[in-house]
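The next block holds one structure in the form of structure tokens; read it before the comments.
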Amino acid sequence: MRPEDVPGLPEGVPEQLQSEGIEELYPPQAEAVEAGVTEGESVLASIPTASGKTFVAELAMLSSVQRGGKALYIVPLRALASEKKAEFERWEAFGIDVGVSTGNYDSDGEWLASRDIIVATSEKVDSLIRNNAPWVSDLTCVVSDEVHLVNDAHRGPTLEVTLGKLRKINPGLQVVALSATVGNADEVAEWLDATLVESDWRPIDLKMGVHYGNAISFDDGTQREVPVGKGDRKTAALVADTLEEDGSSLVFVNSRRNAEAAAKRLKDVTARALTEGEKSELAELAQEIRDVSDTETSDTLANCVAKGAAFHHAGLAAEHRSLVEDAFRDRLVKAVSATPTLAAGVNTPSRRVIVRDWRRYDGEFGGMKPLDVLEVHQMMGRAGRPGLDPYGEAVLLAKDSETRDELFERYIWADAEPVRSKLAAEPALRTHLLATVASGFAHTREGVLDFLGQTLYATQTDEPGRLERVTDAVVQYLDVNGFVDVEDGQITATPVGHTVSRLYLDPMSAAEILDGLEWAADNRDENLRKLDGVASATSEPQQTGEFQRASEMVSNDEGTYESETTYPTALGLFHLVSRTPDMYQLYLKSGDRETFTEECYEREPELLGKVPSEYEDVRFEEWLSALKTARLLEDWAGEVDEDRITERYGVGPGDIRGKVETAQWLLGAAERLAGELDLSSVVAVREAKKRVEYGVRDELLDLAGVRGVGRKRARRLFEAGIETRSDLREADKSVVLAALRGRRKTAENVLEAAGRRDPSMDDVDEADADVPAATFERASGRQSHGGDGGDDGDDPQEQASLGDFG
DNA sequence: CCTAGGATCAAATAACGCTAGGCGT
DNA sequence: TTATTTGATCCTAGG
């Protein structure tokens, strides 16, 4: 089938496709067209990755818009949203507007009403429905990318419920679902009332095999000799082998540490294959990586990249990740070792994929658990770049012949597991049931069950009555906690219940937060007394005028308290939100248990709630890991350097950012809840939220609110005597310029953002801006001495690293 | 005969990912 | 539960 044979497309689109080099549709694509995707028919395309799924979706959306409709593309990851948007934007020439909506962007989504194609994550879509986004009822086509994710215990139910709601709102809605090959695609298709298009076809051949001894055995019966010298590592040998044919390798491992260790070893292999030109480009890239963040992780990554290897995991800052991804795609970086982040994320194909670790530690499982077939298939599917490689190779590693045979059985010959709905789990139902009631999809127990009866879960369950039981338990939970009222069989959301639903909080998080804030109100006086007692007993450390000192103070384990005690304290609030189920737990590492037990008793008056007994093992452990998270946030909001934090808590720069973002969100929600219930803590909550947002101590809140001023610049301005936004408008320009390290352009931008009438720096003499030469040198030691407070790196980055969320 | 460096072994250590609100100067 | 790292001990080659 050729593009011009596809019915229903807007005029000019087939020509555009041809000019992109698309002469002929791939067989599965043609099959989807024959099934009517461009004529409003629902289709489930269950085909391998990189075989043109997105294209099927594009055809469907274009034709739907052509008929006067509006399309929604649901992505599984935020990172994919912008990638898809960029892809769809080439249709703007045909009068089609594209909009993206993910967590960070707009909230009400009103402006999306005018867009023809909207890209959003499933959570965002869910949230938009909860907030009654008006345009949702205008949708005529919805695309669900990676629908097999309904199988995911954590995020699957959201997708499942969201698709259900969309179909309920728009009865005739066309559903185009894209899925990896799974065991029960027919079942999923039936649930969606869609025609199934299933195929193993790939645009480029994929050879799967296992390396054992001195050779890889492939599934097509061929072998390839890859000798492993003694002392050598298998992975290194395989990477070197690919390199000989000028191909790049992607290595999947099961932990961050392993990813870093593997990259360190691989760099010696890749270094040998670099040209002079590549070396200098890589050196540049390494510098860019160093500039992203001043941490050990960043440094190690830069060292590897300089030699042509890299690692990739969620502990990296987002900028790190995309730098690595881009460089790998451009074939500058020859080998990447990665945790599964890379298997599901943005497209990073590679000539050879090596799945080194196929088991991963799982506490609940009680040992090393083999990965799902689907997951391994996703990894292997990254092999082979269409149009560039003759074929792709995916290799598993075995150290004995028994393992080799097992790997063939388990992963190469095996079909992926069937997709199974995880909706009937209590945590999932808790939030979705409340939302269903709050946004008016159901008002009675029967109504709720009726709605749930149309989900995939209902078509799959072999355990009748389970859904009813869990539903009843959850309704009762919501009732007891005051989120719904149950009367005469009618279930209605209370005002708080409505707010919780709209805030997108897990009701259990909301309950925890409300309990904590109410507890604080009841125990305020007693705890304030304790706090003041402690503060005077520890005796305020001498002058706190000097910044270095002040920052030491907070990070010090001795514990220091602000004298003008606000209550609840920031730490108390950080701990409160850290112990909700919406905040991911930080691991307690060896030694942490003691450290934080001690800390817990020391800081007890600040914590909002009763400390669980040490004998309640699980609860106490959770309490402590929440405290660890809270201390991390407190350090961040106390201007402790990024590298100190990563070192102290054993996390990567990306983790800090993740925690900070979540805390910001939850504190925002807490602020709303406190306001709604008229609790006195609103002000304290707002301040704590602002402090994590900017990563500053309270005296800098005003300054850090100015655009272009992050935690570091704010501190330097403050040191220079400019303490507020209005000081910025009045101050001597040369002082501002000096505080900003003599960067004229930055200074002008800052002044303008602060609302100064004459931001120009043209009339300021360089000599006036007495820039200490030493500050341009990178501080080598961790503790920088000297009075200039020169604790950070160079100008553009100091803002870019983490201070710059806005 | 001593030392540096490598090899070997036992003990210690740590083990994936990530979505979400809404204010505004 | 397991793979990797770390640290201690032992061995060997070379001075």
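Just so we're on the same page: letters track the sequence lines, and every chain starts at 1.
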- Message: Counting only side-chain heavy atoms from C-beta out, which of dT19(B), dG21(B), dA3(C) sits nearest to K399(A)?
- Response: dA3(C)
- Message: I need the single residue from E325(A), H320(A), E260(A) that forms a side chain to side chain donor-acceptor pair (under 3.5 Å) with H312(A). Which is it?
- Response: E325(A)
- Rounded to whole angstroms, how far apart are CG on L505(A) and P on dG21(B)? 10 Å
- Residues D592(A) and K628(A) bridged, charged N to O under 4.0 Å: yes
- Can you check each nucleotide of nucleotides 10-17 of chain B against protein heavy atoms at under 4.0 Å and return B for base, S for sugar-phosphate only, - for none, in 5' to 3' order? ----SBBB
- Query: Where the side chain of L77(A) is concerned, which of dC18(B), dA20(B), dT4(C) is the nearest nucleotide?
  - Reply: dC18(B)
- Item | Charged N-O contact under 4.0 Å between R256(A) and D655(A) | yes
- Item | Spacing of H432(A) atom NE2 relative to dA20(B) atom P, expressed in whole Å | 13 Å
- Task: Identify whether any heavy atom of R707(A) sits under 4.0 Å from a base atom; if not, whether one sits that close to sugar-phosphate; answer base, sugar-phosphate or nothing.
- Result: nothing
- Between E621(A) and R593(A), is the closest basic N to carboxylate O distance under 4.0 Å? yes
- Message: Using Watson-Crick or G-U wobble geometry with both distances under 3.5 Å, which nucleotide pairs with dC18(B)?
- Response: none
- Message: Between R756(A) and D758(A), does any side-chain N to carboxylate O distance fall below 4.0 Å?
- Response: yes
- With a non-hydrogen cut-off below 4.0 angstrom, is A669(A) in contact with a base, only sugar-phosphate, or nothing? nothing
- Task: Take atom CG of L434(A) and atom P of dA20(B), then tell me their distance rounded to the nearest Å.
- Result: 19 Å
- So what does R686(A) hit on the nucleic acid, given a heavy-atom distance under 4.0 Å: a base, only sugar-phosphate, or nothing? nothing
- Query: When we call it a touch if two heavy atoms are under 4.0 Å apart, what does K689(A) touch: a base, just sugar-phosphate, or nothing?
  - Reply: base
- For T403(A) and D400(A), does a side-chain donor sit closer than 3.5 Å to a side-chain acceptor? yes
- Query: Can you tell me how far C1' of dC18(B) sits from CZ of R78(A), to the nearest Å?
  - Reply: 8 Å
- Taking a pair as Watson-Crick or G-U wobble with both distances under 3.5 Å, which nucleotide is matched to dG24(B)? none
- Query: In whole angstroms, how far is the C1' atom of dG21(B) from the CD atom of E123(A)?
  - Reply: 14 Å
- Task: To the nearest Å, give me how far apart CG (L666(A)) and P (dC18(B)) are.
- Result: 18 Å
- Check ion pair D698(A)-R691(A) (N to O, under 4.0 angstrom): no
Distance-only donor-acceptor pairs under 3.5 Å for side chains of residues 672-680 of chain A, two or more places apart:
unit_1  : atom_1 : unit_2  : atom_2 : d
E676(A) : OE1    : T499(A) : OG1    : 3.0
E676(A) : OE2    : T499(A) : OG1    : 2.5

- For the pair made of NZ in K659(A) and P in dC18(B), what is the distance, rounded to whole Å? 12 Å
- Checking N1-N3 plus N6-O4 or O6-N4 for Watson-Crick, or N1-O2 and O6-N3 for wobble, each under 3.5 Å, the partner of dC10(C) is dG6(B)
- Item | Rounded distance in Å - CD (E661(A)) to P (dA20(B)) | 9 Å
- Side-chain N or O of T158(A) less than 4.0 angstrom from OP1 or OP2 on dT19(B)? no
- Message: For dT4(C) and R356(A) - does any side-chain N or O of the residue sit under 4.0 Å from the phosphate oxygens OP1/OP2?
- Response: yes
- Query: Is there a Watson-Crick or G-U wobble partner for dA11(B) with both distances under 3.5 Å, and if so, which one is it?
  - Reply: dT5(C)
- According to a strict under-4.0 Å criterion, is R130(A) in side-chain N/O contact with OP1 or OP2 of dG22(B)? no
